[in-house]
Amino acid sequence: MSALWALADVNSMYASCEQVFRPDLQGRPVIVASNNDGSIIARNKEAKAVGIKMGVPLHQCGDLIRQHRVTVFSSQYTLYGDMSNRIMTLFAEMAPAIEVYSIDECFLYYPSGLNQAVTHGAFMRDHIKQCTGLGIGVGFGLSKTQAKLANHLAKTRPETEGVFDFSSLSHLEQTEWMEQIGIEEVWGVGRRYVERLGLMGISTVRQLRDANLEQIKTKFGAVLARTVLELRGISCLPLEAAAPDKQQIMCSRSFAKEVTALPVLRSAIIHHLCRAMQKLRQQESVAAGVVVMIRTNPFKPGQAQYHASMTGMLPVPSDDTLVLQAYTEQVLNRLYRAGYAYKKAGIMLVDVRPKQIEQQDLFAPPPTSAPKRAGLMLAMDQISRRFGAEKIKLASELYHGWEMRRERLSPRYTTRWDELPKVSL
DNA sequence: TCTGGGGTCCTAGGACCC
DNA sequence: TCTGGGGTCCTAGGACCC
C-alpha cells in the first residue's frame, strides 16, 4: 500500500473556539474580528448563511449584524492557541507522524497507507468533537495537495459527512470530481495564477492536473509544476515534523487611535521589540538586524501619508533586548517625522541565526557583562511567562495611547484561573 | 469613528570572481 | 568587425500560505 496523507482542519476555528464556551450561542451566527476589531476574519456557518463576508471591515456590516443579531468577538489568540495545542496533541495520537501546518490545520502521514481511510476519518471527527467540542473536516490523498483538495470537498459537500478520500477512487472517479472544482481551491494557486491560467484556458482542477508540465514550469516556475505533480498523486512535498526556526520575526500592530508623539510611538515599537526578542530567545537564535516600520493610515487618502522603514545592523548578532533596544531607538529617531498621524508601527528581526555559531566581533571589548545580561533576559522571560507580559517592562514602553481596540473580548477561559468558565452544577 | 498580522519560497538581474 | 564562459552571492520583487 502506498503512503497516505491526511489534512484535518477545524471548521471556522476562531468562531468555533468562542462557541465552545458559549453553548447559549448554539445555532446562532457568530463572527470574530481581526486585531483592533478591524475586519472579519472568521464566521461560523450561520454567519456565512446570513451573508456576512470574509475580510470585510466590521463597520460595514453593522446592518447585517443588528438585523440577524450576530454575536461579534474580538480575536483572542491566547484561547485559540491553547485549543490548537489540545487538538494537535490528539492528532499526534492518531497517526505515525504529523505536521502542524497552521493554528487549525494538521497534516497526518501514514507511510504504509491506511485501511478504510474514510472510517478512520470519521473516528477522528468524533474523537476531536468529544475531547474539545470542535468540529473538523478530514481529507485523504496521495500527496499533501490532494489531501488539501479532499479536505475542501469534505467541508463543502454535505454528502461527504466531513470526510473525503481521493486515494481510494479510480482515476475516472478522481477526474470526475476534479472537473467540478475550480483551480482557485488548489493549495498553491492564488489570485494571480487563477487569472494567468484562465488565459491559457485552464480553470478546473482536472485541466490543471493534465496540463503540460514543461509549459507550466517555464511559464510559472518550479512551484506550480510541483503542484501539478502533486495533483496527479505524485508526492513531492515532504513532511516537516518539526517547525523550522524562523528566519525573520515580525511584531507589528495598528493603533486604535492615531499616534503623533514620538514617545508614544517609541513605547509601541519597544513593546513589539520585547515580544519579538522573547520569541527569538525561545528558538535560541540571535539577530543581526532590526527593521523599524511606521506608517500613517492609507485608508485616509486626504491625509498626509508617510510610510517608511529603516534597518539597523548590529556589528555582532545578539539576543539581548537592551542591545537591540538601543539600535531600534536610534533608527526610529532617524525615521520619525513630526506632524504625521501614525496608524501602525512594528519591527522585524532579520538575519536571524542559531545562537551556537555566534560570531564574535574581533574589535569589540571583551563582553564582561554577558553572563549577567543573559541572566537578566532569562529572568525577564520567566517573569513574563509566569505572571503575564504586562508585569515587567522597559522604561521606554511606559507611554500609553497606542493600544488596540478589543471591545468584544471573551474571557481567557483556558489559561487564567480567574477567567475559568463558571459551571453551575 | 471604523479596513489584521504573521510568514515562506522562488526567480531574475546585477555585482563580482576566476 | 570582432568582444568568453562559467560560477556564486545578494537583493528586490512577486507569488503563495494561514
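The sequence lines fix the lettering, A, B, ..., with proteins before strands; numbering per chain opens at 1.
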Check every atom of [options] against the side chain of [X] and return the nucleotide holding the closest atom.
X        : options               : answer
A/Lys246 : B/dG5, C/dA15, B/dG7  : B/dG7
A/Gln247 : B/dT8, C/dC18, B/dT3  : B/dT8
A/Lys300 : C/dC18, B/dC2, B/dG5  : B/dC2
A/Lys344 : B/dG5, C/dA15, C/dC18 : B/dG5
A/Arg226 : B/dG4, B/dC10, B/dT3  : B/dC10
A/Ser39  : B/dT3, C/dC17, B/dG5  : B/dT3
A/Tyr101 : C/dC17, B/dG4, B/dG7  : C/dC17
A/Glu105 : C/dC16, C/dC18, B/dG4 : C/dC18
A/Met250 : B/dG7, B/dT3, B/dT11  : B/dG7
A/Cys251 : B/dG6, B/dT3, C/dC18  : B/dG6

If I take atom [atom1] in residue [X] and atom [atom2] in nucleotide [N], what distance separates them, rounded to the nearest angstrom?
X        : N      : atom1 : atom2 : answer
A/Asn297 : B/dT1  : CG    : C1'   : 11 Å
A/Glu99  : C/dC18 : CD    : P     : 13 Å
A/Met54  : B/dT3  : CE    : P     : 17 Å
A/Arg295 : B/dG4  : CZ    : P     : 7 Å
A/Arg408 : B/dC2  : CZ    : P     : 18 Å
A/Leu349 : B/dG6  : CG    : C1'   : 13 Å
A/Leu208 : C/dC16 : CG    : P     : 13 Å
A/Phe220 : C/dC16 : CZ    : P     : 10 Å

Any cation-pi pair here, A/Lys144 with A/Phe107, using under 6.0 Å and within 45°?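 Output yes; distance and angle both within limits.
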
May I ask you to say what [X] touches in the nucleic acid, namely base, sugar-phosphate or nothing, with a heavy-atom cut-off under 4.0 Å?
X        : result
A/Val189 : sugar-phosphate
A/Val194 : nothing
A/Asn36  : nothing
A/Tyr193 : sugar-phosphate
A/Lys257 : nothing
A/Asp37  : nothing
A/Gln248 : base
A/Ile249 : sugar-phosphate

Mind checking who B/dC18 pairs with, Watson-Crick or G-U wobble, both distances under 3.5 Å?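 In the structure as shown, B/dC18 has C/dG5 as its Watson-Crick or wobble partner.
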
For [N], does OP1 or OP2 lie under 4.0 Å from any side-chain N or O of [X]?
X        : N      : value
A/Lys148 : C/dC16 : no
A/Ser252 : B/dG6  : yes
A/Lys343 : B/dT3  : yes

On DNA chain B, check which nucleotide each of A/Val223 and A/Tyr77 is closest to and give me the residue with the more 5' one.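 Mapping each residue to its closest nucleotide by heavy atoms, the 5'-most match is A/Tyr77.
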
Here's a test of your reading of the structure: between A/Thr218 and A/Glu258, which maps to the more 5' nucleotide of DNA chain B?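 In this pair, the answer is A/Glu258.
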
Side-chain donor-acceptor pair under 3.5 Å between A/Thr78 and A/Arg416, yes or no?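 No, A/Arg416 and A/Thr78 have no side-chain donor paired with an acceptor closer than 3.5 Å.
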
Would you say the side chains of A/Glu329 and A/Ser396 form a donor-acceptor pair under 3.5 Å?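 Note: A/Glu329 and A/Ser396 side chains meet the donor-acceptor criterion.
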
Could you check whether any side-chain heavy atom of A/Thr311 comes within less than 4.5 Å of a side-chain heavy atom of A/Val290, counting everything from C-beta outward?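 No, their side chains stay 4.5 Å or more apart.
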
Using atom types as modelled and distance alone, determine if a side-chain donor or acceptor of A/Glu230 lies under 3.5 Å from a backbone N or O of A/Leu237.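 Yes, because the side chain of A/Glu230 sits within donor-acceptor range (under 3.5 Å) of the backbone of A/Leu237.
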
Nearest-0.5 Å distance, SG of residue A/Cys17 to CD1 of residue A/Ile87: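 Spacing of SG (A/Cys17) from CD1 (A/Ile87) equals 6.5 Å.
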
Please work out whether the ring planes of A/Trp187 and A/Tyr101 are parallel, tilted or perpendicular, with thresholds of 30° and 60°.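 Answer is perpendicular, since the angle exceeds 60°.
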
